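Following: one structure in structure tokens, then a few remarks.
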Amino acid sequence: MAVLLTGGAGFIGSHTAVALMETWKQRGKKEQLVIVDNLYNAQAEVIDRITAITGTRPAFVQADVADRDAMETLFNTYEITAVIHFAGYKAVGESVSKPVAYYRNNLDTTLTLLETMARHGCKQLIFSSSATVYSVGDKVPFTEETKELGCTNPYGWTKYMIEQILRDTAAAHPDMSVVLLRYFNPIGAHPSGLIGERPNGIPNNLMPYITQVAAGIRPKLSVFGNDYPTPDGTGVRDYIHVVDLAKGHVAALDYAEGHTGCEVFNLGTGVGYSVLDIVHAFEQANGIHIPYEIAPRRPGDIASCYAATDKAKKLLGWQAEYNLADMCRDSWNWQKSISE
Ligand code: WQD
């Protein structure tokens, strides 16, 4: 029996691989982990690092999930009983300038995966969705039941569309189990400092930018707007430690094994922090000054975004445990390890 992680060499995927293998070891469960990744936005050495952390080497297949022949060969090689689907492009800004590439890649990978799963009788799928589908900024905390969805960029629309594809697929196949996980803002890194987020070029996201300022790679942080209707005027988000997020996937897989149908869950902490809260928390946790300047708002940003977390707690038995200081410390620990 094997569980497949598409895009499993990436930031969230690699942390989920570690969480799954550590859980199986604790439970004495004999499962095989298979990672398929085209390494477009990941490095092969991550597999070695997952092995170093867990003591077990996952199977690794370098392939594009949209490649039908490669996926057929993979499913013929391993008895895949469940899939966690991370593979996809995920840069919001890039999606605005390259919309067709985003729709082609994120939808093709998903459709090829679903066709292959159907041919091989694989009925459990966990999907890496995003809080970006909640674009209504005045309804926080966002609950899964809200019908007011909508996106401000092509990346978000691919997540929205894939959620719909998966709902329809689950409706057509009542013996399937589909779990949609809407991530809020994942930050931090595994405490070992062996795996973490490696953005290409100039980081789009706040925490990797802050850690590069701390490392002297960037001179200062630009705070995108301080005139939002928030306590200090800067954007408020729900930052969640990537290890907590990874454990949410383990809980989702347990849930999928015991249920059928399609269910959606927020994976967040339920707490919103502003940009300046993050800057100050990082400075306090690491004793490093982060110079910043106030810059114009970033197009597409909303004022506040944070999760209602009751459903995941009640149905998955999962809630985030790491605090903001942990996230800031582990983010910096990782940055130092890749800056050496
Ligand atoms: C957070 C806050 C910015 C950078 C995105 C995607 C979402 C998910 C997480 C994939 C905002 C401010 C940022 C900077 C800043 N990704 N900021 N200066 O935009 O909430 O979410 O990443 O699933 O789908 O949309 O995250 O880290 O880019 O921004 O002031 O240099 O930090 O304005 O308020 P975001 P972010």
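Not measured: the values here are computed from a predicted model. When a ligand or atom number is given, it counts from 1 through the structure's own listing order.
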Under 3.5 Å, sequence neighbours excluded: what are the donor-acceptor pairs made by side chains of residues 54-63?
| residue | atom | partner | partner atom | Å |
| --- | --- | --- | --- | --- |
| T54 | OG1 | I50 | O | 2.9 |
| T54 | OG1 | T56 | N | 3.2 |
| T54 | OG1 | T56 | O | 3.0 |
| R57 | NH1 | D48 | OD1 | 3.2 |
| R57 | NH2 | D48 | OD1 | 2.7 |

Suppose we measure from atom 4 (C) of ligand 1 to each protein heavy atom; which comes out shortest, and what is that distance?
N204 O, 3.5 Å
Does atom NZ (K98) have a neighbourhood of more than 12 heavy atoms from anything else shown, all under 6.0 Å?
no
shortest atom 6 (C) of ligand 1-to-protein heavy-atom contact is with V92 CG2, 3.6 Å
Any side-chain to backbone donor/acceptor pair from N226 onto G233? Under 3.5 Å, distance only.
no
Do D310 and K313 come close enough that some side-chain heavy atom pair is under 4.5 Å?
no
How far is atom 30 (O) of ligand 1 from the closest protein heavy atom, and which atom is that?
F224 N, 2.9 Å
Answer with yes or no whether Y155 contacts ligand 1, where contact means a heavy atom under 4.0 Å from a ligand atom.
yes
Atom 22 (O) of ligand 1: closest protein heavy atom, distance to 0.1 Å, is N205 ND2, 3.1 Å
Is there side-chain contact between I126 and H85, with heavy atoms separated by less than 4.5 Å?
no
In terms of residue, atom name and distance, what is the protein heavy atom nearest to atom 19 (O) of ligand 1?
R298 NH2, 2.9 Å
Any atom of ligand 1 sitting under 4.0 Å from a heavy atom of Y239?
yes
Heavy-atom nearest neighbour in the protein, as seen from atom 7 (C) of ligand 1, with distance rounded to 0.1 Å
S130 OG, 4.0 Å
If you round to the nearest 0.5 Å, how far is CG of L267 from OG1 of T309?
10.5 Å
Do S128 and Y183 meet the criterion of a side-chain donor-acceptor pair at a distance under 3.5 Å?
yes
Protein contact to atom 26 (O) of ligand 1 [nearest heavy atom, distance to 0.1 Å]:
N185 ND2, 3.1 Å
Nearest protein heavy atom to atom 18 (N) of ligand 1, by residue and atom, and its distance?
S222 O, 2.8 Å
Nearest non-hydrogen contact with atom 32 (O) of ligand 1 belongs to which option: V279, V275, I302, L221?
V275
Hey, does Y209 come in under 3.5 Å of ligand 1, counting only N/O atoms on both sides?
no
Between N266 and Y134, do the side chains contain an N or O donor and an N or O acceptor separated by less than 3.5 Å?
yes
Kindly compute the distance separating OH (Y160) from OG (S130), expressed to the nearest 0.5 Å.
14.0 Å
Going by the closest heavy atom to atom 27 (O) of ligand 1, which one wins out of I12, I187, L206?
L206
